[in-house]
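Start at 1 and go down the list; that is how both ligands and their atoms are numbered.
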Amino acid sequence: MAALLGIVSTVAFTGQLPVNSRSRRRMVVKCSNSNDRQILFNRIAPVYDNLNDLLSLGQHRIWKNMAVSWSGAKKGDHVLDLCCGSGDLAFILSEKVGSTGKVMGLDFSCEQLAVASSRQNLRARSCYKCIEWIEGDATDLPFDDCKFDAITMGYGLRNIVDRDRGMREIYRVLKPGSRVSILDFNKSNQSVTAFMQDWMIDNVVVPVATVYGLAKEYEYLKYSINGYLTGEELETLALEAGFSSARHYEISGGFMGNLVAVR
Ligand SMILES: C/C(=C\Cc1cc(O)c2ccccc2c1O)CCC[C@H](C)CCC[C@H](C)CCCC(C)C
Ligand SMILES: C[S@@+](CC[C@H](N)C(=O)[O-])C[C@H]1O[C@@H](n2cnc3c(N)ncnc32)[C@H](O)[C@@H]1O
């Protein structure tokens, strides 16, 4: 269905059938440093939410709700959404903790935070007022030790250059016994799943992004997934950062995965 959608939308927009992006000579944006990634996420901020809805057929909202549930966030908690982007998980967290709780959304993309703040202003429920947006770096958090009752990170860890440091910062600011829930693409050990994920990105995601002039930004997606950690490696990363337990759950047929670690 997603592939058909991409083909139809590509033909509709470009008049051409999608081709494997490997067949066209194109410089792949590797975004090897944080500044490149800041620029990338600032650039895609205006269309990020709409493309996520279109390209995942709205499924990403289900995955994000699962990630927040796995965090254990509850009424009255003080929680953090790291790499919050346009705020999807922060809004879900605020519904969990309610107006007596507190949500902080941190990101280093000012454009993503601007979208998050605009979305917050359009929402009337009192729980959304408890969200504070902070421009900062996930590898150098401006928070005291043992501050948060739960932390979420949706599609962020894969984009952090120094992941070890990022995981250690999460450990530092979490209260003992509390959880972090980290949602991202799954770097599958199953060759069929990995092939299908690559195929979808090459033949649906990038062609649709091309319509918006963002081909290189979305080609980075495939590069970043290929350079990500497997579920087992993510569990090891968490344990080496000091977490007492860590489990990685594959979801959506192995396309996505969620790491849950307890301090
Ligand atoms: C919410 C999602 C991705 C967020 C995201 C993360 C990144 O690191 C990016 C980097 C560069 C550009 C964009 C992003 C980005 O949007 C996941 C859903 C949106 C995806 C773009 C769609 C991926 C499609 C899957 C490969 C197949 C989905 C199958 C589904 C069962 C329909
Ligand atoms: C794919 S978006 C995810 C946004 C949101 N969590 C979601 O699930 O839709 C990744 C976000 O991570 C942010 N990011 C990447 N590296 C970061 C870092 N070192 N510190 C803070 N934010 C970072 C980017 O600016 C971007 O907004």
Practice item. For atom 24 (C) of ligand 2, state which one of L89, D140, N159, D107 supplies the nearest heavy atom. Key: D107
Exercise for review: Return the option from G136, A45, G154 holding the heavy atom at the smallest distance from atom 8 (O) of ligand 2.
Suggested key: G154
Exercise for review: Identify which of Y223, Y48, F185 has a heavy atom lying nearest to atom 23 (C) of ligand 1.
Suggested key: F185
**Study point:** Expected output: side-chain K75 to main-chain G101 donor-acceptor under 3.5 Å
**Key:** no
Check your understanding: Applying a 4.0 Å heavy-atom criterion (strictly less than), which segment of S86 is in contact with ligand 2: side chain, backbone, both, or neither?
Key -> neither
Check your understanding: Going by atom types only, do E250 and N186 share a side-chain donor-acceptor pair under 3.5 Å?
Key -> yes
Practice item. Select the closest option to atom 18 (C) of ligand 1 among S56, S224, G154, judged by heavy-atom distance. Key: S56
Review point. Are Y228 and F185 close enough that their ring centers fall under 6.0 Å?
Key: no
Exercise for review: Could you see which bit of N159 sits under 4.0 Å from ligand 1, with heavy atoms only: side chain, backbone, both or neither?
Suggested key: side chain
Check your understanding: Does a donor on one side chain sit under 3.5 Å from an acceptor on the other, for D162 and T139?
Key -> no
**Study point:** Distance filter under 4.0 Å to G85 heavy atoms, resulting ligand 2 atoms
**Key:** 4 (C), 27 (O)
Check your understanding: So between D88, D202, L221, whose heavy atom ends up nearest atom 10 (C) of ligand 1?
Key -> L221
Point to revise | Side-chain H-bond candidate by donor/acceptor type, S178 with D149, under 3.5 Å | key: no
**Study point:** Residue pairs, two or more places apart or on separate chains, that pass ring pair (Phe, Tyr, Trp, His ring centres under 6.0 Å) and touch residues 229-263
**Key:** W70-Y249, Y171-F243
**Study point:** Selection from Y48, F108, Y155 by shortest heavy-atom distance to atom 9 (O) of ligand 2
**Key:** Y48
Review point. Do the non-hydrogen side-chain atoms of C83 and L106 ever get within less than 4.5 Å of each other?
Key: no
Point to revise | Residues, nucleotides or ligands: over 12 heavy atoms within 6.0 Å of R43 CZ | key: no
**Study point:** Atoms in ligand 2 with a heavy atom of K64 nearer than 4.0 Å
**Key:** 7 (C), 8 (O), 9 (O)
**Study point:** Residue part near ligand 1, for R158, under 4.0 Å between non-hydrogen atoms
**Key:** side chain
Practice item. For ligand 2, note which part of R37 has a heavy atom under 4.0 Å away: side chain, backbone, both or neither. Key: neither
Check your understanding: Evaluating non-hydrogen atoms only, which member of N42, D137, L113, T152 is closest to atom 19 (N) of ligand 2?
Key -> D137
Exercise for review: Counting heavy atoms only, name the option from F255, W63, F41 that's nearest to atom 30 (C) of ligand 1.
Suggested key: W63
Point to revise | Electrostatic pair K147-D144, nearest N-O below 4.0 angstrom | key: no
Point to revise | I44, portion touching ligand 1 at heavy-atom distance under 4.0 Å | key: side chain
